[in-house]
Protein chains: 2
Amino acid sequence: MRSARSPHASEPPGACAMRNLYRFVEPVILYMLKCKGHSYGYDLAGELSRYAFTGAAIEKAALYRTLRHLEDNGFVVSGWEFHATGPARRIYSLTPQGERHLEEWAALLNDLSRSMSRFVARVRSAHENHKEVKAGAAALPAR
Amino acid sequence: MRSARSPHASEPPGACAMRNLYRFVEPVILYMLKCKGHSYGYDLAGELSRYAFTGAAIEKAALYRTLRHLEDNGFVVSGWEFHATGPARRIYSLTPQGERHLEEWAALLNDLSRSMSRFVARVRSAHENHKEVKAGAAALPAR
DNA sequence: TGTCCTTAGGTGCAGCTTGCCTATAGGTGC
DNA sequence: GCACCTATAGGCAAGCTGCACCTAAGGACA
């Protein structure tokens, strides 16, 4: 495991996540590693768009940096894998802390999702009320 | 209106938002201005926590900067208001573009909310499957 | 041999955002 | 005079992002 660099290294996602969401790269990578068992950067990069839940493309650099960040925090571990052909691969897999971290992410995203849909509902009802108020204040059939 | 500064000044929230979510300060401020009709920084700061949908506190500096950013982009307009007592207030109100921007934000947040809850469901079903696999592989009554 | 493509894993850097701290300035209470 | 409240805002160090670039191994092709 690599040594800690981030000032938020030991914070739970709830404390740190809203500080920096890492564009949701982190939970997606954790989930992919959970599904695949283990994988490496180049492979993950190829499938990120299938797993990502935002339309935004995920940068290759962001992917590698997030993997390093996750390892700094003990959520994944890595080791080199050598093949007869092609360059070596750094294979990552989840640690038990990483499993928990993914669950924390899921809880956080669940809360955020609910809060967001509540907010959207409020915005849309405000929009409806606004239209009604305008129509009522005008007290005229049409315009 | 102030002159544009941001390189993403004219982009819709869908294009720019995932690049920088501004910690969701922007849609909250737009919504507050819509509800209140008009308001000023210090007043908004006092009520932000009631309207914000993330637990994260919103920085005073972030609030003022976001207001300026919104004005740079033509989503709000401002004017000074002087009172017999206390310092002058810069009063902000929504423009028609600002109204549309809030609706775009609502659409974006709605999509994001749905994507997030789908992701959460997938994570949780993966978690269940994992437990089943482990239990099945063990083929033992307990522990 | 030289060049180019694919796989694979990074680094460097400019530009932008964030959070904390500080400045400014009018007014009130003691 | 001094502290405190209202009100807006700037400075700055840290951190994050996106793009460009680099290294290196192997294979294809001429």
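Quick note on labels: first sequence line is chain A, next is B, and so on, each numbered from 1.
Using bins of under 30°, 30° to 60° and over 60° for the plane-to-plane angle, the ring pair B:F24/B:W105 lands in the perpendicular bin.
For C:dT7, the OP1/OP2 oxygens have a side-chain nitrogen or oxygen of A:Y42 closer than 4.0 Å. OP1 or OP2 of D:dA9 has not a single side-chain nitrogen or oxygen of B:Y64 nearer than 4.0 Å. For C:dG9, the OP1/OP2 oxygens have no side-chain nitrogen or oxygen of A:R90 closer than 4.0 Å.
In this model, no donor atom of one side chain and acceptor atom of the other lie less than 3.5 Å apart for A:T66 and A:E26. A:E81 and A:H83 are linked by a side-chain donor-acceptor pair at a separation below 3.5 angstrom, with hydrogens and angles left out of the test.
Taking atom CD of A:E71 as the reference point, atom C1' of C:dG10 lies 14 Å away to the nearest angstrom. As rounded to whole Å, 13 Å separates atom P of D:dG10 from atom CG of B:L63. Atoms CG (B:L48) and P (C:dG19) sit 13 Å apart, rounded to a whole Å. Straight-line distance from the CH2 atom of B:W80 to the C1' atom of D:dT6: 13 Å, rounded to whole Å. When rounded to the nearest whole Å, the span between CD1 of B:I58 and C1' of C:dC20 equals 17 Å. For B:F82 and C:dG26, the CZ to C1' distance is 12 Å, given to the nearest whole Å. Taking atom CG on A:L67 and atom C1' on C:dA8, their separation rounds to 13 Å, with Å as the unit. Atom CD in A:E59 sits about 17 Å away from atom P in C:dG15, given to the nearest Å.
Nucleotide C:dC30 has D:dG1 as its partner under the Watson-Crick or G-U criteria, with both atom distances under 3.5 Å.
By the ring pair (Phe, Tyr, Trp, His ring centres under 6.0 Å) test, B:Y51 is found to be paired with B:Y31, residues two or more places apart in sequence or in another chain being considered. With sequence neighbours excluded, the residues satisfying salt bridge (charged side-chain N to carboxylate O under 4.0 Å, His left out) with A:E47 are A:K36, A:R50.
Taking only distance into account, the side chain of B:R65 meets the base of C:dG19 through a donor-acceptor pair shorter than 3.5 Å.
Nearest nucleotide to the A:A61 side chain, out of D:dG26, D:dC19, C:dG27: D:dC19. Checked against D:dA7, C:dT11, C:dG27, the side chain of B:P87 finds its nearest nucleotide in D:dA7.
Using a 4.0 Å heavy-atom cutoff across all strands shown, A:A45 reaches no nucleic acid atom at all.
Along DNA chain D, the nucleotide nearest A:A84 and the nucleotide nearest A:A62 are compared for position; the residue whose nucleotide lies closer to the 5' end is A:A62. The residue among A:Y40 and B:G86 whose nearest nucleotide of DNA chain C lies closer to the 5′ end is A:Y40.
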